[in-house]
Protein chains: 2
Amino acid sequence: MIKYSSQNRMLVAVDCIIFGFDGTDYKVLLIQRGFAPEKEKWSLMGGFVQEKESLEQAADRVLKQLTGLKNVYLEQLQAFSEPDRDPIERVIAMAYVALIDIHKYEQQINDDFHARWFLLRELPKLIFDHAQMVDTALQRLRYKAAFHPILFELLPEKFTLPQLQAMYEGLYDTKIDKRNFSRKVLSTNLLIKEQEKDKSSSKKGAFYYSIDKEHYKEKFESLLNFVPKTEITALNE
Amino acid sequence: MIKYSSQNRMLVAVDCIIFGFDGTDYKVLLIQRGFAPEKEKWSLMGGFVQEKESLEQAADRVLKQLTGLKNVYLEQLQAFSEPDRDPIERVIAMAYVALIDIHKYEQQINDDFHARWFLLRELPKLIFDHAQMVDTALQRLRYKAAFHPILFELLPEKFTLPQLQAMYEGLYDTKIDKRNFSRKVLSTNLLIKEQEKDKSSSKKGAFYYSIDKEHYKEKFESLLNFVPKTEITALNE
DNA sequence: CCAAAAGTGTTCATTGTACACCCATGA
DNA sequence: TCATGGGTGTACAATGAACACTTTTGG
């Protein structure tokens, strides 16, 4: 078989930055690396790209291995390619960002990997350039969530407006006026009000909402504006 | 030397989508591929990533080889990784978008590569998945230019407001009111009015403007709004 | 009955859009 | 002098932001 001769072949890996939200805080799912180098150090979930799979397939596979979840929100972030980022051998890493419902995951935890959720604000030291990957992923999440309804991916099927608001407030580390917030969110027609209330966090209870999947697909590409302008003046990218 | 054993190594390439604007139309710089397969077919400028260089360095190198230009606007687009996208052998491609001043380039054309500018609307058939790369690059450019002043990278040092407006109109295939446009653009304080006029396209002449580099860096990350809202409701990503 | 969180409306400020006329000049 | 493209200002509409009180109910 013909090949491109005298060219340099290298390992390609995918690394997943897996975000979750527990109602109060953002979390990142990390594993204790099972092989050298940096064995037992905390790391993003990753793996080498196999011969017959695309990067997306590799990321899906890695994510499934760790969480048992399929059809998860997964987006290519960017490549990390410094020649010596891995001391053993050159590895080009494609970082992927995943957003998952932390509760859905809890039931299917895969103990093979010694996985653990860490508070985003209290991450341990990570191997290689993984801290930088998390950092870049967070910036991207802030940027994208300001315009597109991706944060819904972090919530269960049914959620309340106060929960939703807390999620936005957490991401931008700010307080949002709840009157303005609910008006904006509801005006998109993205949400369907349910009958039941969630009484877990107040006596009065807060109505559950769910996503209108039709509108969600349509509106995904359009530009939303849940976050006050004053909070998004310094977004990069 | 230790290596990750029994893993599959593969070729990694960078491909550059090089956009230019000639005052009226958007163009893409293509080359006639000099080696098999698909020899003499039109292709994006690309090259294999070498052992000691990052992807960014590889993209810089490739761009310099073709255009002679350094310090060009260059941004990682995304990976294209279908296992059989190249029939010879598996190659993971990282696409990069470059924006260059078409006139600055003209003087330094490198004939080794049989490069030619093509109208964006009249591209020839491209090899492999390069047409898809151009497509994705264009979408990204439309998205990003709606919020960030990147299109200035396509213009020479001095340019006129009508030129600038034509560039935006071309990208979104729309007409913009010149009164509103100039008010918006000038309100950013990104532009410095020069003394001279460009008389090449009218008798009265249009004043030249240049970029205020200080403000440019600051404002780059902030969100602009040169394009009417009605035109940017269907942007993806 | 009261503490705690949920829900809701109005006013004002800012921003965006539509729109039409005069200006300068080379031919 | 006139045809061509450049430059400018105003009025209205839409959007966003600030702000406070009432409702519900478990304890």
Side-chain angles (χ1 to χ4, degrees), chain A residues 23-24 146-147 155 158-170 172 174-210 219 222-233 235, chain B residues 23-24 146-147 155 158-170 172 174-210 219 222-233 235:
Chain A
T24 311
F147 304 119
L155 291 174
K158 294 178 182 181
F159 52 86
T160 67
L161 287 185
Q163 276 169 34
L164 187 65
Q165 182 171 341
M167 205 167 53
Y168 278 88
E169 290 180 339
Y172 299 97
T174 186
K175 282 283 167 195
I176 301 175
D177 183 275
K178 63 180 172 177
R179 291 163 290 191
N180 293 339
F181 183 78
S182 78
R183 184 155 11 88
K184 277 186 185 180
V185 170
L186 295 175
S187 74
T188 62
N189 293 322
L190 236 62
L191 299 192
I192 299 169
K193 192 175 192 171
E194 302 288 327
Q195 303 291 325
E196 321 102 83
K197 285 183 159 187
D198 166 31
K199 297 220 166 188
S200 67
S201 64
S202 80
K203 290 158 187 173
K204 182 177 178 181
F207 280 104
Y208 279 116
Y209 287 81
S210 61
K219 293 253 174 171
S222 70
L223 300 168
L224 302 179
N225 185 26
F226 295 164
V227 187
K229 277 192 178 170
T230 50
E231 302 299 329
I232 56 170
T233 47
L235 292 175
Chain B
T24 311
F147 303 119
L155 291 175
K158 294 178 180 181
F159 51 87
T160 68
L161 287 185
Q163 276 169 33
L164 187 64
Q165 181 171 341
M167 205 167 53
Y168 278 88
E169 290 180 339
Y172 299 99
T174 186
K175 283 282 169 198
I176 301 176
D177 183 276
K178 63 181 173 178
R179 289 163 290 192
N180 295 338
F181 183 78
S182 78
R183 184 153 12 87
K184 278 185 184 182
V185 169
L186 295 174
S187 74
T188 61
N189 293 322
L190 237 61
L191 299 193
I192 299 170
K193 192 174 192 170
E194 302 288 327
Q195 303 291 324
E196 320 103 82
K197 284 184 161 187
D198 166 32
K199 298 219 168 190
S200 67
S201 64
S202 81
K203 292 158 186 173
K204 182 176 178 181
F207 279 104
Y208 280 116
Y209 287 82
S210 61
K219 293 255 174 168
S222 69
L223 300 168
L224 302 179
N225 185 27
F226 295 165
V227 186
K229 277 191 179 173
T230 50
E231 300 300 328
I232 56 170
T233 48
L235 292 175

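None of the values given here were measured: they were computed from a predicted structure. Numbered from 1 within each chain, the chains take letters A, B, ... in sequence-line order.
Along DNA chain D, the nucleotide closest to B/K203 and the one closest to B/Q163 are compared, and the more 5′ of them pairs with B/K203. Of the two residues near DNA chain D, A/K204 and A/K178, the one whose nearest nucleotide lies more 5' is A/K178.
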Can you give me the N/O atom pairs linking the protein to nucleotides 9-13 of chain C at distances under 3.5 Å, or say none if there are none?
| from | atom 1 | to | atom 2 | distance (Å) |
| --- | --- | --- | --- | --- |
| C/dG9 | O6 | A/R183 | NH2 | 3.2 |
| C/dT10 | O4 | A/R183 | NH2 | 3.4 |

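The nearest pair of heavy atoms linking A/G23 to A/A166 is O-CB, 4.0 Å.
Taking five base pairs at each end of the helix from C/dC1-D/dG27 to C/dA27-D/dT1 and finding the rotation axis that steps the C1' atoms of four pairs onto the next four gives two axes whose angle is 0°, to the nearest 10°.
Taking atom CG of B/L161 as the reference point, atom P of D/dG7 lies 6 Å away to the nearest angstrom. Spacing between atom CD of B/Q165 and atom P of D/dG5 amounts to 14 Å, rounded to whole angstrom units. In this structure, A/I176 places its CD1 atom 13 Å from P of D/dG16, rounding to the nearest Å. The distance from atom NZ of B/K193 to atom P of D/dG6 is 13 Å, rounded to the nearest whole Å.
If you take OH on B/Y209 and OG1 on B/T160, they are separated by 9.5 Å, rounding to the nearest 0.5 Å. Rounded to the nearest 0.5 Å, atoms CZ (A/F159) and CG (A/L164) are 5.5 Å apart.
Put simply, A/K184 has a side-chain N or O that comes within less than 4.0 Å of OP1 or OP2 on D/dA17.
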